[in-house]
Q: 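Structure below; questions to follow.
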Amino acid sequence: MWDALNPRGNTLFIEENPRWTLSAMKRFPILNIHTVRYSTRISEADTLLSTYKAQCMGNQLTLKGNQHCPLALSRLPEEAYDRDWDMIMIDAPRGTEDPSPGKMAVIYSVAVMARERKRPGVTHVFLHDVDGRVEQQYAQEFLCMKYRVSVVNKLWHFVIPPSFSSDDTTAGFC
């Protein structure tokens, strides 16, 4: 599916399950998959959403090494931060109940990556399993409904342009 959606493009997979990562890489060695450990818990979703502007928004959005923003995936491999991604599919992490991490951090971080794009073009973001309140709230806040171009069952597709200056996101993402 990802190859059909993004032929000859850069696609990033962020996955929490190391066994799934190994299995997928054996079957599809061309995939770019990064295994991530999440520090968030689904029970924190409302608090994280109400406090992210104070904790995460400064003069410039930053993911790499950002220890102040609990939503920032700050320990990805260097390549994840340095590349302009044509497509990012969010299908993990699992769960809608504690102690699962929820998709809050990955939705936030993918939105930052898309907005930090340097090359011309847009980033296609596919958010899978949008069937819970948290996924919907975070998608609305960070991926922005004005950028949503399609919905197929529980799969939402966003086309996110880069921000042109840090001022674009000082009041929020949308």
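Nothing here was measured: the structure is a model prediction, and the numbers come from that model.
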Q: Group every Ile, Leu, Val, Met, Phe, Trp and Tyr by side-chain heavy-atom contacts under 4.5 Å, then state whether V159 and V125 land in the same group.
A: no

Q: Looking at residues at least two apart in the chain, or sitting in another chain, which of them share a side chain to side chain contact (heavy atoms under 4.5 Å, CB included) with S39?
A: none

Q: Looking only at atom types and distance, does a side-chain atom of R117 sit under 3.5 Å from a main-chain N or O of P161, one as donor and one as acceptor?
A: no

Q: Given the rule that I, L, V, M, F, W and Y join up when any side-chain heavy atoms are under 4.5 Å apart, are M145 and I107 in one cluster?
A: yes

Q: Going by the rule salt bridge (charged side-chain N to carboxylate O under 4.0 Å, His left out), which residues pair with E97 if we only count those two or more places apart in sequence or in a different chain?
A: none

Q: Shortest non-hydrogen contact from I88 to M113?
A: CD1-SD, 4.2 Å

Q: Using a 4.5 Å cut-off on heavy atoms from C-beta on, say whether the side chain of K103 contacts that of Y138.
A: no

Q: Applying disulfide bond (SG atoms under 2.5 Å apart), which residue pairs with at least one partner in residues 84-127 are found, sequence neighbours left out?
A: none

Q: Per the disulfide bond (SG atoms under 2.5 Å apart) rule, what does the pair list look like for residues 62-138, sequence neighbours excluded?
A: C56-C69

Q: Between side-chain atoms of residues 23-33 and protein atoms elsewhere (two or more places apart, or another chain), which donor-acceptor pairs fall under 3.5 Å?
A:
from : atom 1 : to  : atom 2 : distance (Å)
N32  : OD1    : H34 : NE2    : 3.2
N32  : ND2    : E79 : OE2    : 3.0

Q: With sequence neighbours excluded, what pairs up with R41 under the side chain to side chain contact (heavy atoms under 4.5 Å, CB included) test?
A: S43, E44, D98, P99, P101

Q: Determine whether more than 12 heavy atoms belonging to other residues, nucleotides or ligands lie under 6.0 Å from atom CZ of R75.
A: no

Q: One pair to check against side-chain contact (heavy atoms from CB on, under 4.5 Å): E135 and D129. What are the steps and the verdict?
A: CA-CA 8 Å; E135 291 88 355; D129 293 331; 5.9 Å; no

Q: Could you tell me whether the side chain of Y108 and the main chain of P70 form a donor-acceptor pair under 3.5 Å?
A: no

Q: Output all residues satisfying side chain to side chain donor-acceptor pair (under 3.5 Å) with Q137, sequence neighbours left out; order by chain, then residue number.
A: R133

Q: Quick one: ring pair (Phe, Tyr, Trp, His ring centres under 6.0 Å) partners of H157, sequence neighbours excluded?
A: H124, F126

Q: Taking side chain to side chain contact (heavy atoms under 4.5 Å, CB included) as the definition, give me every residue that meets it alongside H128, ordered by chain and number, with sequence neighbours left out.
A: D91, L155

Q: Taking only residues two or more places apart in sequence or in another chain, which ones pass side chain to side chain donor-acceptor pair (under 3.5 Å) with T40?
A: none

Q: Once side chain to side chain donor-acceptor pair (under 3.5 Å) is applied, what residue pairs with a partner in residues 146-155 remain, sequence neighbours excluded?
A: D131-K154

Q: Locate the shortest heavy-atom distance separating I42 from G102; write the atom from each residue and the value.
A: CD1-CA, 3.7 Å

Q: When you check the side-chain N and O atoms of E141 and Y52, is any donor under 3.5 Å from an acceptor?
A: yes

Q: Less than 4.5 Å apart, any side-chain heavy atom of S74 and any of L63?
A: no

Q: Would you kindly confirm whether V112 and V122 end up in one hydrophobic cluster when ILVMFWY residues are joined by side chain heavy atoms under 4.5 Å apart?
A: no

Q: Going by side chain to side chain contact (heavy atoms under 4.5 Å, CB included), name the residues that satisfy it together with A139, two or more places apart in sequence or in a different chain.
A: L127, L143, W156, F158

Q: M104 vs L49, test: side-chain contact (heavy atoms from CB on, under 4.5 Å). Steps then yes/no.
A: CA-CA 9 Å; M104 299 90 64; L49 192 60; over 6 Å; no

Q: Look at the side-chain heavy atoms of Ile, Leu, Val, Met, Phe, Trp and Tyr, link any pair under 4.5 Å apart, and say whether V36 and L22 land in one connected group.
A: no

Q: With distance as the sole test, does D86 use its side chain to make a donor-acceptor pair with the main-chain N or O of T123 at under 3.5 Å?
A: no

Q: Under 3.5 Å, side chain of Y81 to main-chain N/O of L76, donor-acceptor pair present?
A: yes

Q: I want to check something: taking the side chain as every heavy atom from C-beta on, are V106 and L73 in contact at a cut-off of under 4.5 Å?
A: yes

